[in-house]
Amino acid sequence: MASISLRGVQKAYGDGALVIRNVDLEIAENEFCVFLGPSGCGKSTLLRMIAGLEDVTDGDLSIGGKLVNDVPAAQRGVAMVFQSYALFPHMTVFENMAFGLKLAKTPKDDIDRKVREAARILQLEALLDRKPKALSGGQRQRVAIGRAIVRQPGVFLFDEPLSNLDATLRGQTRVEIARLHKQFSKASVVYVTHDQIEAMTLADKIVLLHAGKDTERYGSIAQIGAPLELYHRPKSRFVAGFIGSPRMNFLPGRIASVDSQGVLVTLDDTHENVRVPVRGEGLQTSQPVTLGVRPEHLEFADTDTSAAAPADGVLVRTVSLVEQLGEHSYVHLDQPGGAVLIAKAPGDTRLAPGDRASLRVPRLACHLFTEDGFAAASLESVEHYV
């Protein structure tokens with residue numbers, strides 16, 4: 001099977017502006033790698049460069065140890081599943097799945113065996129004689145996946161394959177793709193999505209891409225790592241805000257003191273104090289910083305909300321909205337300046353708009369970001385908290 005290597009890869013179009021900048025990336029054999037990021041960050045462009053549908057402006061792109069910058073798409077040993085399914089409307093399911101094999105002049109018996117085996121795996125056996133117009137969206141997507149499977153490529157490429165499906169079908173098809181990867185475990189998978197739930201549940205490795213001016217400043221890649229690594233140890237405020245739903249809460253403040261236990265941060269406007277276990281090297285008293293804490297890590301505390309000054313690590317806020325989702329609720333609390341703090345609560349919480357609530361900020365759940373947007377190095381890992 002095939003590994004993928006990108007060294008200093010860049011992509012520019014006619015006006016010379018770089019849309020992919022300084023990409024260094026290794027995707028191992030067997031690995032399920034997800035390209036994740038906001039619209040316009042170049043996810044699909046990067047995927048199409050691997051597929052051979054876009055030229056590499058600069059840098060080296062290798063598949064299976066072979067430089068493929070100038071190798072045509074058909075000779076790269078990759079199979080691609082598109083967002084739009086790209087099925088031939090006049091062909092049956094069988095003919096659509098067999099099309100690539102026929103072009104490759106595969107013997108008829110081998111075509112029949114491979115198509116029927118893929119149809120069995122994808123639960124399409126009863127649909128082989130139907131045409132695409134007689135299929136549901138989920139069935140059409142499975143046919144597109146089947147057309148890729150029968151070629152037995154070294155690399156599978158998926159370009160937002162679930163974006164045209166409703167929520168239920170997305171969940172079902174996501175499970176099928178994960179199951180298929182285990183069955184065809186020798187193949188590498190590169191999967192493009194803007195949906196972080198897909199990325200977190202499918203990926204062995206996530207490549208989170210910047211967009212806009214951040215690409216010019218830092219390159220296209222914001223962070224590479226396993227899903228929980230990006231969740232627990234984001235390297236920047238951008239990563240912390242993109243991974244997690246609802247997004248991480250960001251509270252502006254200043255450093256009150258620095259010692260061997262970390263730093264004490266005083267929040268702007270409210271003057272509440274929170275201790276954060278980060279390394280103090282390079283941090284100075286009065287330096288502006290941003291405290292980050294996820295909604296699911298905040299804890300509702302039974303404290304006296306009438307106290308003049310709450311204890312360190314405790315925030316007092318007024319409830320503005322409660323989203324009741326059954327198993328849990330998300331409580332929105334007013335912040336100075338019109339901002340909102342979100343905390344996760346039990347589904348049967350009795351909090352209501354207008355209530356005053358105290359929230360404890362566990363020290364191990366805190367992140368600290370400096371003015372340049374990068375995270376201060378932790379003394380202890382937040383993953384030990386959860």
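Closest approach of A119 to L128, counting heavy atoms only: CB-CD2, 3.8 Å. Taking both residues in full, the closest heavy atoms of A12 and T57 are given as N-OG1, 2.8 Å, listed atom of the first, atom of the second, then distance. The two residues P132 and L87 have their closest heavy-atom pair at CG-CB, 4.0 Å. Closest approach of A375 to P234, counting heavy atoms only: CB-O, 3.4 Å. The two residues S188 and A2 have their closest heavy-atom pair at OG-O, 2.7 Å. Closest of all the heavy-atom pairs between V81 and I145 is CG2-CA, 4.0 Å.
Counted by atom type alone, S44 and D159 present one or more donor-acceptor pairs between their side chains at under 3.5 Å. Using modelled atom types and a 3.5 Å distance limit, the side chains of E26 and S5 yield a donor-acceptor pair. Side-chain atoms of E198 and T193 include a donor-acceptor pair closer than 3.5 Å.
Rounding to the nearest 0.5 Å places CD1 of I342 at 10.5 Å from CD of Q335. Between the CD1 atom in I177 and the CZ atom in F156 there is a gap of 11.0 Å [rounded to 0.5 Å]. Once rounded to the nearest 0.5 Å, the distance linking CG of D24 with OG of S220 reads 10.5 Å. Note that the CG atom of D58 and the CG atom of N22 stand 9.0 Å from one another [nearest 0.5 Å].
Counting only heavy atoms from C-beta outward, the side chains of T290 and L251 never approach each other to under 4.5 Å. Side-chain contact between V19 and Y13: present, with at least one pair of heavy atoms (C-beta onward) separated by less than 4.5 Å. Counting only heavy atoms from C-beta outward, the side chains of V265 and R254 never approach each other to under 4.5 Å. Annotation: side chain of Y191 is in contact with side chain of L162 (closest heavy-atom distance under 4.5 Å). A 4.5 Å side-chain heavy-atom check between K131 and P89 finds every atom pair outside the cut-off. By the 4.5 Å heavy-atom criterion applied to side chains, I206 and E229 are not counted as neighbours. With contacts defined as side-chain heavy-atom distances shorter than 4.5 Å, the pair V23/K11 does not qualify. Taking 4.5 Å as the limit, every side-chain heavy atom of P353 sits out of range of all side-chain heavy atoms of S320.
Remark: side-chain polar atoms of S3 are not paired, donor with acceptor, to backbone N or O of E29 under 3.5 angstrom. At least one donor-acceptor pair closer than 3.5 Å links the side chain of K43 to the backbone N or O of G37. A donor-acceptor contact shorter than 3.5 Å is absent between the side chain of K102 and the backbone of I111. Between the side chain of R360 and the backbone N or O of A301, no donor-acceptor pair lies under 3.5 Å. A distance-only check finds no donor-acceptor pair linking the side chain of D355 to the backbone of V319 [under 3.5 Å]. Put simply, the side chain of Q324 never gets that close to the backbone of D348: no donor and acceptor are under 3.5 Å apart. With hydrogens and angles ignored, the 3.5 Å screen pairs no side-chain donor or acceptor of T173 with any backbone N or O of R170. Listed for the Q196 side chain is a donor-acceptor partner under 3.5 Å among the backbone atoms of F242. A distance-only check finds no donor-acceptor pair linking the side chain of S245 to the backbone of R247 [under 3.5 Å]. The main-chain N or O of M91 is found under 3.5 Å from a side-chain atom of N96 such that the two form a donor-acceptor pair.
Classification of R356 and D334 as a salt-bridged pair fails, no side-chain N sitting under 4.0 Å from a carboxylate O. Salt bridge R48/E54: present, at least one basic N to carboxylate O contact under 4.0 Å. The pair R120-E117 meets the salt-bridge criterion, with a side-chain N (NZ, NE, NH1 or NH2) lying under 4.0 Å from an Asp/Glu carboxylate O. Using a 4.0 Å cut-off between charged nitrogen and carboxylate oxygen, R21 and E216 do not count as a salt-bridge pair. Salt-bridge annotation for R116 and D112: present, with a side-chain N of the basic residue lying under 4.0 Å from a carboxylate O of the acidic one.
Remark: D166 CG is packed, more than 12 non-hydrogen atoms of other residues, nucleotides or ligands lying under 6.0 Å away. When the shell of 6.0 Å around CZ of R113 is examined, it contains more than 12 heavy atoms from other residues, nucleotides or ligands.
Relative to the six-membered ring of Y231, R294 meets both conditions, a distance below 6.0 Å and an angle of at most 45° to the axis.
Within the structure, every pair that satisfies the salt bridge (charged side-chain N to carboxylate O under 4.0 Å, His left out) test and touches residues 315-333, not counting sequence neighbours, is listed here: E272-R317.
Hydrophobic clustering (side-chain heavy atoms under 4.5 Å, transitive across Ile, Leu, Val, Met, Phe, Trp, Tyr) groups I27 together with L53. Hydrophobic clustering keeps L18 apart from I221 (ILVMFWY residues linked when any side-chain heavy atoms are closer than 4.5 Å, directly or through intermediates). When hydrophobic clusters are built by joining Ile, Leu, Val, Met, Phe, Trp and Tyr residues whose side-chain heavy atoms come closer than 4.5 Å, directly or via intermediates, L368 is grouped together with V361. Neither L264 nor V276 shares a network with the other; the hydrophobic side chains, linked directly or stepwise wherever heavy atoms of I, L, V, M, F, W or Y lie under 4.5 Å apart, form separate groups for each. M248 and L315 fall into different hydrophobic clusters, where Ile, Leu, Val, Met, Phe, Trp and Tyr side chains are chained together by heavy-atom contacts under 4.5 Å.
Ring pair F369/F250 is perpendicular by interplanar angle, where above 60° counts as perpendicular and below 30° as parallel. Ring geometry for F238 versus H210: interplanar angle of 30 to 60°, hence tilted.
Aromatic pair F374/Y218: ring centres closer than 6.0 Å. Taking the six-membered ring for Trp and the full ring otherwise, the centers of H332 and Y330 sit at least 6.0 Å from each other. Aromatic ring centroids of F99 and F88 lie under 6.0 Å apart.
A side-chain contact (heavy atoms from CB on, under 4.5 Å) with V68 is found for exactly one of Q75, M49, R76, namely R76. Under the side-chain contact (heavy atoms from CB on, under 4.5 Å) test applied with L333, the options L298, L359, V340 reduce to a single match, L359.
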Decide side chain to side chain contact (heavy atoms under 4.5 Å, CB included) for L101 and D110; before the verdict, give the C-alpha distance in whole Å, the side-chain angles of both, and the deciding distance to 0.1 Å.
-> CA-CA 9 Å; L101 296 176; D110 287 347; over 6 Å; no

Just do the side chain to side chain contact (heavy atoms under 4.5 Å, CB included) check on L61 and I4 with the steps written out, would you?
-> CA-CA 8 Å; L61 171 60; I4 304 169; 4.2 Å; yes

Going through the distances and angles, do D259 and R275 end up as a salt bridge (charged side-chain N to carboxylate O under 4.0 Å, His left out)?
-> CA-CA 11 Å; D259 57 34; R275 181 165 292 280; 3.4 Å; yes

From CA spacing to verdict: side chain to side chain contact (heavy atoms under 4.5 Å, CB included), L267, N273 | CA-CA 6 Å; L267 301 183; N273 294 317; over 6 Å; no

Any chance you could lay out the side chain to side chain contact (heavy atoms under 4.5 Å, CB included) test for I197 and R174, step after step, and finish with the verdict?
-> CA-CA 10 Å; I197 295 176; R174 186 171 67 237; 4.1 Å; yes

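Applying the ring-ring contact (aromatic ring centres under 6.0 Å, His included) rule to F82 yields no partners; only residues at least two apart in sequence or on another chain are considered.
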